[in-house]
Amino acid sequence: MITHKLSDTSDIQWYMFGRDPQKPEKIIDTNQYLMVSNGEALLMDPGGLELFPAMLAAVVNIVELTSVNNVFASHQDPDIISSLGLWDGCLPRAVLHAPWLWEGFLRHFGMEQMRYNGLPDEGETIKLGGRDVQFVPAHYLHSSGNFHVYDPASKVLMSGDVGASLEPGNPDLFVEDFSAHCQYMEGFHQRWMPSNRAKLDWIKRVRQLDVQMMCPQHGRVFVGEQVTAFLDWFERLPVGSGIK
Amino acid sequence: MHALPKGKVCCGHPALNQKKALAWRRQKVDFTANTYLSREETIQPTMQPTHVIAATAASELAKTTAVSQQMRLTASNARAVAARAGEQGKSFKAITPFVDELAAISVSRVAEVVAWAREFSQLASRYQQVLGANNAYQKAELLLAGKRSKQLQLAQEQAAKALFESKQAQEKKLAQMVEALEALQRQLRSGNVIATLSFVEAALMPLEQRGDLNSVGEMIVASVAQIRQHNTTALKLLRSMQGNL
């Protein structure tokens, strides 16, 4: 599992985990994220069962597990959070922040010790190490109950499946040529994102935020002007292609 | 039945030729010869994971619930037949409490064992989950290459404890079920005796009343045979797990 420090200000660090060379071939590659704020950690979309050992080892290499008292699941998909039962075993005091809509479903992955904080549809802000962390609504992108994470201090947006790309081989961590990158995002967004209305609502919301780095759950990370380029591209893209 | 490719060894027995391998497989099929194994692909139950065998045994036992209820109806019918036969059915009437007792025992024992089997199946599935967690924590520890994490250690200890407790609970429940099923099998033997008594009493009755008494006996024989068949299959599956958990 590759660990990459994405952002490092005096009191907040962002880490990305992914491109695990041990990952079974037929499993989709995923990016996991960790935000550490003044010694307190938030683990975001920690991944599936298959990734758990590598993810746990990667996290422990950065922080003591006692610091990880917050876990976030953007939605209910197995590649996002099917490892929940295993994290529950080693983060007994942690809180899982996830859409209220999915509580009864997510508990199927096993959750005996952690506490579930059902995020309301309009979103929520929590304190992590004294700093604000916002859970931004992203409903129907692609899941009917869906959130992203925004850190206003670092200006990082963890954007779940929005901005995801399916690229063959072992792609780099960052988008280099945005135009060339679009081909790897187009099919994914057209098919996985069901609603143009939801898409426009999210774009409007995100345009009001100051985002310097946009971190999707699959594929490459967008930095600086690429974020705006992505929002413009996404705005033009018709989605919901499954309906013929 | 799928034949083994020529020259292919069978399950670690290199000396077995194809013919012997087929015979060996057939023997494994006979081990659980019943309807659910009519598809011969479902062979070698001893090689199945415990939670799968447990679920199969639970499903097999669940089939006996309806049959035991049927036995209760037979008991009611026996009382009605005895009442209709009047003075001539006095001897038959003396048999009906035994039919009642057999039906009551069957219904309660079957319900108890079916509930235990479901519980055991859940325990076995839970064991697989805990085993998975245990393995995942061990892999993580290896990846950490000696770096200690108290929390991980705690999680490992909890998983190991849960694994031990789960195994113990399974063993206990398994022994309980085997014992209960063996007891039920013994009790079911009395069903044949009661049925035989019904046939004897029927033979002593006027011709027009024999049919009713015979049908009571036939119903008992049929119900007992069905329950026994499912129990035998379940027992074999459960016994195959004893000492192998």
For chain A against chain B, print all donor and acceptor atom pairs separated by less than 3.5 Å.
residue: A:Val60; atom: O; partner: B:Lys147; partner atom: NZ; Å: 3.3
residue: A:Leu86; atom: O; partner: B:Tyr137; partner atom: OH; Å: 2.6

*asked:* Report which part of B:Ala133 has an atom under 4.5 Å of a heavy atom belonging to chain A: side chain, backbone, both, or neither.
replied: both
*Which residues satisfy the side chain to side chain donor-acceptor pair (under 3.5 Å) test with A:Asn38, sequence neighbours excluded?*
none
_All side-chain contact (heavy atoms from CB on, under 4.5 Å) counterparts of A:Ala57, not counting sequence neighbours_ = B:Leu143, B:Leu144
*In chain order, what residues pass the side-chain contact (heavy atoms from CB on, under 4.5 Å) check against A:Ile12, with sequence neighbours excluded?*
A:Thr9, A:Trp14, A:Met35, A:Ser37, A:Arg131, A:Asp151, A:Ala153, A:Ser154
*With a 4.5 Å cut-off on heavy-atom pairs, point out which of A:Leu91, A:Val60, A:Val68, A:Leu49 contacts chain B the most.*
A:Val60
*So which part of B:Leu154 gets closer than 4.5 Å to some heavy atom of chain A, the side chain, the backbone, both or neither?*
neither
*So what's closer than 4.5 Å to chain B heavy atoms on A:Leu86: side chain, backbone, both or neither?*
both
_For B:Ala155 versus A:Gly89, what's the shortest heavy-atom pair and its separation?_
CB-O, 3.3 Å
